A.B. asks: 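Got a structure for you, questions after.
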Amino acid sequence: MAEIEVRFPDGKRRRYPQGTPLARIAADTGRADALVARVDGRLVDLAAALDAEAAVEFLNFEDPDGRMVYWHSSAHLMAQAVKQLFPQAQLAIGPPIEDGFYYDIDIGRPFGPEDLAQIEERMRDLARQDQTIERVEIPRDEAIRLYQEMGERFKLELLEDIPDARVSFYRQDGFLDMCRGPHLPSTGRIKAIKLLSTSGAYWRGDEHQPMLQRIYGVTFPEPAQLDAYLHQLEEAKRRDHRRLGRELELFAFAEEVGQGLPLWLPRGASVRMTLERYIVDLETQLGYRHVYTPDLADVELYKISGHWEHFRENMYPPMEIDHEELVLKPMNCPHHIMIYKHQQHSYRDLPIRIAELGRMYRYERSGTLAGLHRVRSMTLNDAHIFCRPEQIEEEFAGVIRLIQRVYRDLRIEAYRYDLALHDPASKEYYHHDEDLWAMAERLLRQVLDDLGLAYTSVLGGANFYGPKLDVQIRTATGAVESLSTVQLDFLLPRRFGLEYIGEDGKAHPPVMIHRAIISTMERMIAFLIENYAGAFPVWLAPEQARILPIADRHNAYAGQVSVRLREAGLRAEVDASNERISYKIRNAQMMKVPYMLVVGDREAESGQVAVRRREGGDLGPMALDAFVERVRQEVAAKA
RNA sequence: GCCGGCGUAGCUCAGUGGUAGAGCAGCGCACUCGUAAUGCGCAGGUCCGGGGUUCGAAUCCCCGCGCCGGCUCCA
């Protein structure tokens, strides 16, 4: 029999008879941990035979692709368990996701917690049986017949979209599921199983389609990994800004005020104000000019802009009074446009950068509201740059540099750039000037490439008026949200008939760049709370120092210290409660105050403070001026 | 908005048909204390709201509101 050469990632080569199963090669090379193989870059079942020479790599659970296969097979295992327990169940799709897997299933009623426990138990049984998972390929029409017999309507719909003459299935015991694969060699590989939650999920994500039941789960090769994962989930909950927001007295919601309408408590308002001053100062340095505009506008304004057509479902309905139809402002751009339009502009004036901490109201569906991350009343760090076409690249690049500067200052490290492009197939949403789209999108790519920015392209993510670059972050609960955004717009200036007088003495439409750096104050602060786990750096901390008198007789001196600190521009408070020093320290630590200043007889006599740092503990006594200087330097460095 | 879960004191939670409880927080008193919880006492509740079943409802049923996890959508 012919021999073939197999190349491994470490550069080694071995020869095997043609047709040797990959599983044997894995065993032969001491890779008992292999879950799946990558053959010439393609993922393949271990059961598959190797027919030609190839580069072969074995993937275990540590490999992201290996893990996906593991969770994909886990989804099948869950479906198998569900099918055994509920034979009438109709299966839809069951993919692996970033942290586990889910399967969308219709059993004609919702799953309850007891169902989950039962399914989980059955999964363990099936895994213990260590059933072989095998791939079967059958002709498409046979697959259709099979699913017709089984009454699997969702699988039949999926089949409609598969043009191939043969489709692959995977079988374990009596359970058969249409699937591209690859999969684990057997169910026994799945050791630690946890079903996490159920929820409704529309078939194909479309709310006009039937609602299926989605079960989320996660599995691991080692029970300890599952424990670690569950522990990590608990830790994430501790960081959740909704929890910290309450504990640290930053913000609150009240039923009487309304859903999604946050109340900023003094401490949260302090953080917000610091951040607002910071960004406004920075923008002023960069040539932005700040404005104020009203929260209400005639709906006509949004009819001109096109928002009424495209964004109406997110707007509060008009209030009619005195022959005007007023809506709550969902966007600041039309107002800024009107400010531009108020005067005539020469090409020499451009770019004009109009900025505002603009309060907006958007109707978000009740089910989507989430703490400060998604609210109905929000303040956007908004600005609109009006420029000449040849200034786009420079202005766009300037905005990106500003984003990078701000993220460095705020110590934001985990984020991703998404370049959101229009989808030419979706005609009804986007404006129809394809040349303009092509130009705008080419320009953006150019700027990003020049800056050497790594980004992901998202087809269909653009606004109706133009493409955009979004900065995506992850919340403590794992949701992905947009923070900063930069958007290119050729459309609105035309709709509003904006112009500038060019060198040629003729009128030309300017180009608009919409941008938000800090995002909304709500979302950014939600993110920062989670980013810092509530422990704000000194420059942002609502309370920078807490003065802790040892005994009642030191309260007067503590008061003097606090006055001097405040005069020096620090945010400081005195804990004059009738408590012991350890207790006061404990409270200050729990409120995550960066500096604690202990004052007793020694300090009062010498005019000093005993400094304790939130991280690092006791720093010893220090002259008050020295402490002020220390904090000032930290604030300046945003350390 | 849709599906599921949850809603008891400011917070965390116990209480599954017989008249509501703990810890922490709050207030008072004593101790006057040196780097993550001093002790004692007091007060605090339309048990989310409304309706129903029952001799009797925090507990069972119905409707509504809010929150949480998803679906969908955006900063």
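Convention: sequence-line order gives letters A, B, ...; per-chain numbering from 1. Please read all numbers here as calculations on a predicted model, not as lab measurements.
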A.B. asks: Only pairs with both distances under 3.5 Å count, Watson-Crick or wobble alike; so what is the partner of B:G17 in this structure?
C.D. replies: none

A.B. asks: So which nucleotide does B:G1 pair with, by the Watson-Crick or G-U wobble rule with both distances under 3.5 Å?
C.D. replies: B:C71

A.B. asks: Report the distance from atom CD of A:Gln90 to atom CD1 of A:Ile105, rounding to the nearest 0.5 Å.
C.D. replies: 11.5 Å

A.B. asks: Can you say whether the rings of A:His310 and A:Phe464 are parallel (under 30°), tilted (30 to 60°) or perpendicular (over 60°)?
C.D. replies: parallel

A.B. asks: Go through residues 259-271 of chain A and report each residue with a non-hydrogen atom lying under 4.0 Å from RNA chain B, sorted by number.
C.D. replies: A:Gln259

A.B. asks: Do you know which of A:Arg242, A:Lys237, A:Arg238, A:Arg243 makes salt bridge (charged side-chain N to carboxylate O under 4.0 Å, His left out) with A:Asp240?
C.D. replies: A:Arg242

A.B. asks: Give, for atom OH of A:Tyr229 and atom NZ of A:Lys194, the distance between the pair rounded to the nearest 0.5 Å.
C.D. replies: 11.5 Å

A.B. asks: Can A:Arg613 be said to sit on top of A:Tyr595's aromatic six-ring, NZ or CZ under 6.0 Å from centre and within 45° of the ring axis?
C.D. replies: yes

A.B. asks: My understanding is that a pair needs two contacts under 3.5 Å, Watson-Crick or G-U wobble. By that rule, which nucleotide pairs with B:G56?
C.D. replies: none

A.B. asks: Using the P atoms only, state how far B:A9 lies from B:U59, rounded to an integer number of Å.
C.D. replies: 15 Å

A.B. asks: A:Glu579 and A:Asn587: side-chain donor and acceptor closer than 3.5 Å?
C.D. replies: no

A.B. asks: In whole Å, I'd like the distance from the CG atom of A:Leu212 to the P atom of B:G70.
C.D. replies: 18 Å

A.B. asks: Is the phosphate of B:C68, meaning OP1 or OP2, less than 4.0 Å from a side-chain N or O of A:Arg242?
C.D. replies: yes

A.B. asks: May I ask which nucleotide in the shown strands pairs with B:C27, Watson-Crick or G-U wobble, both distances under 3.5 Å?
C.D. replies: B:G41

A.B. asks: Reading nucleotides 33-46 of chain B from the 5' end, what letters show protein touch, with B for base, S for backbone sugar-phosphate only, - for no heavy atom under 4.0 Å?
C.D. replies: BBBBBB--------

A.B. asks: State the pairing partner of B:U35; accept Watson-Crick or G-U wobble contacts with both distances under 3.5 Å, and report none otherwise.
C.D. replies: none

